[in-house]
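A short write-up of the structure that comes next.
Just so it is clear, the structure is predicted and the values come from calculations on it, not from any experiment.
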Protein chains: 2
Amino acid sequence: MVEKQLKERIIETALTLFEKYGYHGVTVDRIVAECGASKGGFYHNFKSKDELLYHIHDVFITYVLNKAQEAYVKYRTPTKRLCAIIHSFVRVFHIYKPHITVFNQEAAYLKPEYAEKINEKREQYKQIIFQVLREGIEAKEFRSEISIELAGLSIIGMVNWMYKWYKPDGPMSIEQIAAVFNDLILHSLLTEEAKRDEDISSFLLSHVGEE
Amino acid sequence: MVEKQLKERIIETALTLFEKYGYHGVTVDRIVAECGASKGGFYHNFKSKDELLYHIHDVFITYVLNKAQEAYVKYRTPTKRLCAIIHSFVRVFHIYKPHITVFNQEAAYLKPEYAEKINEKREQYKQIIFQVLREGIEAKEFRSEISIELAGLSIIGMVNWMYKWYKPDGPMSIEQIAAVFNDLILHSLLTEEAKRDEDISSFLLSHVGEE
DNA sequence: GTGAACAGACCAACTAGTCGGTTTGAAATA
DNA sequence: TATTTCAAACCGACTAGTTGGTCTGTTCAC
């Protein structure tokens, strides 16, 4: 196995520090000191501290957007699609918790040209959720009286908020959290008929483990 | 009417700027320039820039905590209490949107002695929500299979997340948003029996306006 | 007159980014 | 194989600009 590349080491160290102290609470000098590098090494790999921040944002949003698109394509019904997307969304916290923290906390400090690129992908992500909710209402799986926009933003909010409290070594596993979230969300969205559908209600907590 | 005090003007200006550019994106010089004050005036009213940040945090959390306690005392059943708390929570965005944005974005930069005080109140707020959920399960109004912790954090997350998208002049009023949130949350929490209770289900969207 | 409220020039510390130099490793050459 | 070459990777002292905070006044209300 080859020695871990400097760029990777810088990113990892920066991530840990940013998560704890915030982007402005960490100096470039501190980052390079903490990972045994130098100013020169840093600026050889990154144009600026801002570019590092952008890189962190981009890695996460690109990954999570891909996962959502995969989940959408893989399943055919709105409920299954929604559950799969939420499941993948929650699961990302397992690997990318520091990225997500930085993403949610420091986005305001992205330079305009970077912010634009990130916002585009963020917007795409939202649209996938909205799309699934729309399809769910059309298919009469989801209640028609809910607001797609508000329901979508609620889902995004409750999952994203995990970055404030989720601890990888906490009492609940990622899989358990995802299951509970899906249960809560489906209970708030499903129509009465849909709940009676065996295939759909299998995603609800009270049915987990049943055959 | 007396001339608006300098301290108030500083806070208002700082709030607007912090909301847009972040705490570290705004200098003390900028704040005082923008509200026609001076460095001297600023440091006469605040010990430091950090104290101003703390003050903003404290005003908001104190207010919202009070509102939740009031709502808790005012009503007697878990469902009513929860709806009232959420309603008051959402409503705060109408007056304190900039405060909340700063509260959610910049808390990491609070100096330890300040952070501790704020966290205490934040924790109290969470406990009120947990308490209501606990009572709701005991009273068989809320489903017993849900996790109090996760349900509580979900609620807090979806409401707090509003700071990312809520615009006071947007298409939905605060009251409408609160109604939709309550509908979504209750649908995910209520037991089947509770939903059949006229008194309880009056908080659901499909029943709003009915007699 | 006296102290609180405010003004604004000034300072010291900090920090992102630079720049000339050194190391390293792999390809080219002999 | 031994040697040269050269560019990419990396180093770290230095700089220029910024920014929170201070300090010496001045104004104003009572």
Q: Could you pull out all residues at least two apart from Q69(B) that satisfy side chain to side chain contact (heavy atoms under 4.5 Å, CB included)?
A: L65(B), N66(B), Q124(B), I128(B)

Q. Is the shortest side-chain N/O distance from N45(B) to OP1 or OP2 of dA5(C) below 4.0 Å?
A. no

Q. In whole angstrom, what separates H44(B)'s NE2 from dA5(C)'s C1'?
A. 4 Å

**Q.** Carboxylate-amine/guanidinium contact E135(B) R81(B), below 4.0 Å
**A.** yes

Q: Grab the CG-P distance between L6(A) and dT23(C) for me, whole Å please.
A: 18 Å

Q.
Please list, in numerical order, the residues of residues 49-56 of chain A that have a heavy atom closer than 4.0 Å to any atom of DNA chain D.
A. none

Q) Side chains of E141(A) and T79(A): do they bring a donor and an acceptor to under 3.5 Å? A) yes

Q.
Side chains of H87(B) and E175(B): any donor to acceptor distance under 3.5 Å?
A. yes

Q. Which parts of residues 16-33 of chain A get close to DNA chain D, meaning a heavy atom less than 4.0 angstrom away?
A. none

Collect all protein-nucleotide pairs involving nucleotides 24-30 of chain D in which both atoms are nitrogen or oxygen and the distance is under 3.5 Å.
none

Q) Can you list, by residue number, the residues of residues 102-116 of chain A that have a non-hydrogen atom closer than 4.0 angstrom to DNA chain D? A) none

Q. How would you list, by chain and number, every residue that makes a side chain to side chain contact (heavy atoms under 4.5 Å, CB included) with K164(B), sequence neighbours excluded?
A. Q105(B), W161(B)

Q. Taking atom P of dA13(D) as reference, at what distance in whole Å does atom OH of Y43(A) sit?
A. 17 Å

(Q) Whole angstroms only, please: what is the CD-P distance between Q5(A) and dA8(D)? (A) 16 Å

Q) Rounding to a whole Å, what distance do you find between F46(B):CZ and dC6(C):P? A) 11 Å

